[in-house]
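Worksheet: the structure to be examined is printed underneath.
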Amino acid sequence: MAKNITARSSDYSKWYTDVVIQAKLADYSPVKGSMVIRPNGYAIWEMIQQNLDRMFKDTGHVNAYFPLLIPESFMTKEAEHVEGFAPECAVVTHGGGQPLEENLYIRPTSETIIWSMYKKWIMSYRDLPILINQWANVMRWEMRTRLFLRTSEFLWQEGHTAHATAEEAEAETLRMLNVYKTFAEEYLAMPVIAGRKSESEKFAGAVHTYSIEAMMQDKKALQAGTSHNLGQNFAKAFDVQFQDKDGQRRYVYATSWGVSTRLIGALIMTHSDDNGLVLPPRLAQRPVVIVPIYRKEEEKTRVLAYADALHKELSARHKVIFDDREQYKPGYKFAEWELQGIPLRIEIGPRDVENNKVVLVRRDTMQKEFIDRSAIAAKVDETLPLMQREMLEKARVWQKENTFNVDDYDSLKSIIAGDGGFINAHWCGSADCEATVKEATKATIRNIPFDREEEKGACVVCGKPSDGRVIFAKAY
RNA sequence: CGGGGUGUGGCGCAGCCUGGUUAGCGCACCUGCCUUGGGAGCAGGGGGUCGGAGGUUCGAAUCCUCUCACCCCGACCA
């Protein structure tokens, strides 16, 4: 039905791009690999920011801003870190028409600049913990880019905390991953699996990395958030020590954690359909649209008065779009707001005015319902959270139905080669077996779920003993 | 960087092979009429250095050379 959107069944990847472009979420920029986030897309980002920011504040974090440019010498201080990031960094070599004394890196992430500052700020255990977050842009020179999912420049938040003890740092790392999980499920209506990354998949410079992984509608995995326990690696690289209660000087323990505009891509690929974007109500800046319908001048007067009164009533509690544009017919408007994912549409025509009703349409199910005029406000209040819950539930079912326990390598290979999905399989813990699977199937270990069952088994590749299952899947 | 593809009004394309008046078509846009419960219709109208440079030719969107950009598929990644 949607005019310019490729069906998911015919080309998933084209469908995704069509939704992003047609729903006016983003557009290609003149620079390869970077994108313009248009107002519809940015509104989603603002909702993500607002809600996450509140959750960060509630857990004791504060915001700050560190600069975009990082001296080259900083980048090279932490060995693993530089190895991980150097190839994908943009470097400024000139300024004011002159070659620079020292090259400046455009931040791919801010650990180095932040820890250079923490060194100045941390003297005593009394200065700890430091719980700072920043909302910023970063740049990674990607070879292959896709709108929202992977662009050279992207927006994110990065939390950087400093702690006196390893236990505290670990608790923070887990706490923030849990914030992401809660946010993903309660706001994005996107079920995720929280767990630990394997050694080969962890962040450059981390002791270990945790992630939340979501399943998209094409059954591929998408890493939606990460949280790193950095141990003392950065403290050592930047010589950040504090004097503890016992008078001893010790290196500080660090964490960092982030989510990016990639979440918008995740949101699209979790819920949207062939008619366009489907937004969970809590992510919709404007969750309701009213479309008046009329033919004759006399009908117009009545319908608009009726609709306007309802608009005013609903606006007390929700941001409501009142689409009284004259140049478009109702059918066009329906299609347009569907494409843009507005959760609830209220249609008001002469017959509704006559009967003291309105038509309420849910974007996720496309269900139409006649509602009494007197009941509509309560119905809207009730439907938005209901829709939010049902969208999460639907996504959960999808994830569950496409997750398979597998005990032999051949089945793993044939599932990945076929329809795909998440595969729960035993793994001995060796990087070799992990690499073997990756080479053969392109699937990687997404993470080692926290809530996996303790279950003795045999590694699906080599047969050595394993303590539990990990998730294999192809990933974005 | 390897393989493939595309550059022609805002968008999507045709024209190119076989050079020849004023470069077409659909959508979008503007004006008017008419319409409005699932992307209406009619009439009129505006808008193009044919990605760029060079060459061949009386004449180039079209042929030749070079170049640039973007997209898709692979190697790297949140």
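Just so we're on the same page: letters track the sequence lines, and every chain starts at 1. What you see is a predicted model; the values in this text were computed from it and never measured.
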Taking the side chain of [X] as heavy atoms from C-beta outward, which of [options] is closest to it?
X: A:Pro330; options: B:rU36, B:rC76, B:rG39; result: B:rU36
X: A:Ser260; options: B:rA78, B:rG38, B:rG37; result: B:rA78
X: A:Lys368; options: B:rU35, B:rC71, B:rG38; result: B:rG38
X: A:Tyr294; options: B:rA78, B:rU36, B:rG39; result: B:rU36
X: A:Arg295; options: B:rG37, B:rA78, B:rU36; result: B:rU36
X: A:Lys329; options: B:rA40, B:rA78, B:rC29; result: B:rA40

(Q) Within the 4.5 Å heavy-atom criterion, are A:Arg469 and A:Ile448 side-chain neighbours or not? (A)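 Side chain of A:Arg469 against side chain of A:Ile448, heavy atoms only: no contact under 4.5 Å found.
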What is the base-pairing partner of [N], counting Watson-Crick and G-U wobble geometry with both distances under 3.5 Å?
N: B:rG74; result: B:rC1
N: B:rC27; result: B:rG10
N: B:rC66; result: B:rG52

Between [atom2] on [N] and [atom1] on [X], what's the gap in Å once rounded to a whole number?
X: A:Tyr332; N: B:rA28; atom1: OH; atom2: C1'; answer: 9 Å
X: A:Ile293; N: B:rA40; atom1: CD1; atom2: P; answer: 13 Å
X: A:Leu360; N: B:rG38; atom1: CG; atom2: C1'; answer: 16 Å
X: A:Ile21; N: B:rC70; atom1: CD1; atom2: C1'; answer: 13 Å
X: A:Glu347; N: B:rG39; atom1: CD; atom2: C1'; answer: 14 Å
X: A:Asn355; N: B:rG37; atom1: CG; atom2: C1'; answer: 13 Å
X: A:Asp323; N: B:rG38; atom1: CG; atom2: C1'; answer: 14 Å
X: A:Glu326; N: B:rC34; atom1: CD; atom2: P; answer: 14 Å

Q. Closer to the 5' end of RNA chain B via nearest nucleotide, is it A:Ala224 or A:Val353?
A.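 Counting from the 5' end, the first nearest nucleotide belongs to A:Val353.
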Q: With RNA chain B as reference, determine whether A:Ser152 or A:Thr17 sits nearer its 5' end, using the nearest nucleotide of each.
A: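 Final value for this comparison: A:Thr17.
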Suppose you measure atom [atom1] in [N] against the same atom in [M]; what distance do you get, rounded to whole Å?
N: B:rG54; M: B:rG9; atom1: C1'; value: 26 Å
N: B:rG15; M: B:rU6; atom1: P; value: 12 Å
N: B:rU18; M: B:rU67; atom1: C1'; value: 28 Å
N: B:rC11; M: B:rC70; atom1: C1'; value: 16 Å

Q) Is the Lys NZ or Arg CZ of A:Arg302 less than 6.0 Å from the centre of A:Tyr294's six-membered ring, within 45° of the axis? A)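 Negative - A:Arg302 is either too far from the ring of A:Tyr294 or too far off its axis.
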Q: Test the A:Arg345-A:Trp337 pair against the cation-pi criterion, namely NZ or CZ under 6.0 angstrom from the six-membered ring centroid and within 45° of the ring axis.
A: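 The answer is no, since A:Arg345 fails at least one limit relative to A:Trp337.
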Q) Does the base of B:rG74 carry an N or O that pairs as donor and acceptor with the side chain of A:Lys442 under 3.5 Å? A)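 Under the 3.5 Å cut-off, the side chain and the base do not form any donor-acceptor pair.
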Q) Got a donor-acceptor pair under 3.5 Å from the side chain of A:Glu338 to the base of B:rG38? A)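 Answer yes: a donor N or O sits under 3.5 Å from an acceptor.
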Q: Compute the ring centroids of A:Trp257 and A:His61, then answer whether they are less than 6.0 Å apart.
A: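 Yes, close enough.
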Q: Report which part of the nucleic acid A:Leu149 touches: base, sugar-phosphate, or nothing (heavy-atom distance under 4.0 Å, all strands).
A: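 It contacts base atoms.
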Q.
Among A:Thr151, A:Leu147, A:Val36, which residue satisfies the side-chain contact (heavy atoms from CB on, under 4.5 Å) criterion with A:Tyr28?
A.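 So, applying the side-chain contact (heavy atoms from CB on, under 4.5 Å) to A:Tyr28 and each of A:Thr151, A:Leu147, A:Val36, only A:Leu147 qualifies.
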Q | Criterion ring-ring contact (aromatic ring centres under 6.0 Å, His included) against A:Trp45, the qualifying member of A:Phe148, A:Trp135, A:Phe154 | A |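 Of the listed residues A:Phe148, A:Trp135, A:Phe154, the ring-ring contact (aromatic ring centres under 6.0 Å, His included) partner of A:Trp45 is A:Trp135.
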